[in-house]
Amino acid sequence: MNDRRIRKAIFPVAGLGTRFLPATKSIPKEIMTLIDRPLIQYAIDEAREAGIEEFIFVTSRGKSALEDYFDESPALAAELDRKNKTELAKVLESTNMDSGAIAYIRQTRPMGLGHAVWCARRLIGDEAFAVILPDDVIAGQTSCLKQMIDAYQQVGGNIVAAMEVPKNKTSDYGILGATDTSQRIVPVNAMVEKPSPEMAPSNLAVIGRYILSPDVLSALDGAGLGVGGEVQLTDAIAKQISADGVYGYRFEGQRFDCGSKAGYLQATVAFGLAREDLRDELMAYLYDLVPSQVLAS
Ligand code: G1P
């Protein structure tokens, strides 16, 4: 086996999704839909396109709708078949996962992203792996994770997706330090979780896609609490800078922060406009709406 193959991906989905209350009172945030597909489906499709074979979900209490979502639904499939709804049957089939390809691990206490990833350590073992944060939805020609795996095949080490953010937003992200940020693959010399603009080493932010060496899991063993009183993945990755190396990967594609309401709305409009079956109607609506809103403001 090529030792730079990435077969496993971790999906941390244990968060409470409080920013989307009351919706998240009874449904996991990852099941909320962007047009007609749950957020988690976008993450899974991206991982599949990148060649991932094993999907590890780090869940928590109240997330059983996620497990049900990935179950096959024979009664529904038979009903669609009976009614000759072939297109819908195909859509349903595309969400089926191979038996044994998905594993669920519980994070029993909300101790942060680093802790969530560490919870999956036994399922990862001793191989490099991917992490996908489903809140970050990335639209593009080639899946962001696939682009990163291609880069990993060239440089190895650890790779995090990166993009520039406004300087006053650095405290929302992990921020990378680098001497030259102009190339697509940026060698990193510092990583800081959620620094204030004054303390940030740059405005190049970590976006929720990672390719990590198993050494990151060792660094998370007994890791102390970082910013926000949580175990931070960023801190464990930063420890690899002087070992295997860390690279920021400036991906091609548009990222939507579906962890925020404004980002979710923007993603809904952008994905709607990209859909042939919705574009004309949505465009006509926006065409009428936007000028009147601008005039009224
Ligand atoms: C997490 C990471 C942060 C990263 C961000 C990307 O933060 O800790 O380093 O920049 O995801 O979305 P969170 O948004 O979960 O607070």
Side-chain angles (χ1 to χ4, degrees), residues 9-20 24 28-30 34 39-40 42-43 46 57-60 107 109-120 130-139 144-145 148 158-178 181 186 188 190-197 199-212 216 219-220 223-241 246-251 253-264 266-267:
I10 299 176
F11 300 81
V13 289
L16 295 173
T18 48
R19 277 197 270 178
F20 283 91
T24 46
K29 182 179 56 175
E30 300 77 17
L34 204 46
L39 269 189
I40 194 68
Y42 291 86
E46 180 176 336
F57 290 83
V58 182
T59 70
S60 60
Q107 182 186 27
R109 277 174 294 161
M111 288 178 65
L113 179 60
H115 180 258
V117 168
W118 176 81
C119 287
V131 178
I132 295 190
L133 308 187
D135 272 0
D136 281 330
V137 173
I138 302 175
C144 177
L145 191 64
M148 289 170 69
N158 298 270
I159 304 192
V160 299
M163 78 178 216
E164 271 158 26
V165 296
K167 194 76 184 173
N168 63 356
K169 295 279 180 200
T170 56
S171 58
D172 290 343
Y173 298 92
I175 299 291
L176 303 174
T181 59
V186 179
V188 165
M191 265 182 103
V192 191
E193 181 68 9
K194 304 198 167 83
S196 64
M199 300 302 282
S202 76
N203 66 337
L204 195 59
V206 177
I207 300 304
R209 304 287 183 277
Y210 306 78
I211 295 177
L212 301 175
V216 172
L220 285 166
L225 302 180
V227 167
E230 296 188 334
V231 178
Q232 295 295 349
L233 183 59
T234 299
D235 297 344
I237 302 172
K239 295 208 169 100
Q240 309 310 308
I241 293 174
V246 176
Y247 302 90
Y249 181 82
R250 302 164 69 108
F251 55 94
Q254 193 179 2
R255 174 257 186 176
F256 296 93
D257 175 11
C258 290
S260 82
K261 288 175 206 174
Y264 209 106
Q266 287 158 17

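Just so you know, ligand 1 is whichever comes first in the structure, and atom 1 is the first atom listed for that ligand.
Here Thr234 has side-chain heavy atoms under 4.0 Å from ligand 1, and that is the only part of it that gets that close.
On a distance-only criterion, Gly174 and ligand 1 share at least one N/O pair closer than 3.5 Å. For a threshold of 3.5 Å applied to N or O pairs, the pair formed by Asp172 and ligand 1 contains no separation below that value. By the 3.5 Å distance cut-off applied to N or O atoms, Leu133 is not counted among the residues near ligand 1.
Heavy-atom separations between Leu233 and ligand 1 are all 4.0 Å or longer.
For the side-chain contact (heavy atoms from CB on, under 4.5 Å) with Tyr210, the lone residue among Ile10, Val246, Leu113, Val216 that qualifies is Leu113.
Every residue meeting the side chain to side chain contact (heavy atoms under 4.5 Å, CB included) condition with Ala161, not counting sequence neighbours, appears here in chain and number order: Cys144, Met148, Ile207, Arg209, Phe251. Residues passing the side chain to side chain contact (heavy atoms under 4.5 Å, CB included) test with Ala205, sequence neighbours excluded: Val165, Tyr173, Ile175.
Atom NZ of Lys167 has more than 12 heavy atoms from other residues, nucleotides or ligands within 6.0 Å.
The CG atom of Leu212 lies 4.5 Å from the CD1 atom of Ile237; values are rounded to the nearest 0.5 Å. Summarising the geometry, atom CG belonging to Leu145 is positioned 5.5 Å from atom CD belonging to Glu46; distances are rounded to the nearest 0.5 Å.
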Practice task
Under the side-chain contact (heavy atoms from CB on, under 4.5 Å) rule, what do Glu230 and Met111 come out as? Steps first, then yes or no, please.
Solution key: CA-CA 5 Å; Glu230 296 188 334; Met111 288 178 65; over 6 Å; no
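Ranking the protein heavy atoms by distance from atom 12 (O) of ligand 1 puts Asp136 OD2, 2.8 Å first. In terms of protein heavy-atom proximity, atom 7 (O) of ligand 1 is closest to Lys194 NZ, 3.3 Å. Nearest non-hydrogen protein atom to atom 10 (O) of ligand 1 is Val206 O, 2.6 Å. Among protein heavy atoms, atom 2 (C) of ligand 1 sits closest to Glu193 OE2, 3.6 Å.
The ligand atoms of ligand 1 that sit less than 4.0 angstrom from a heavy atom of Tyr173 are 10 (O).
Checking atom 15 (O) of ligand 1 against the protein gives no heavy-atom contact under 4.0 Å.
Using modelled atom types, no side-chain atom of Ser171 and backbone atom of Pro195 make a donor-acceptor pair closer than 3.5 Å.
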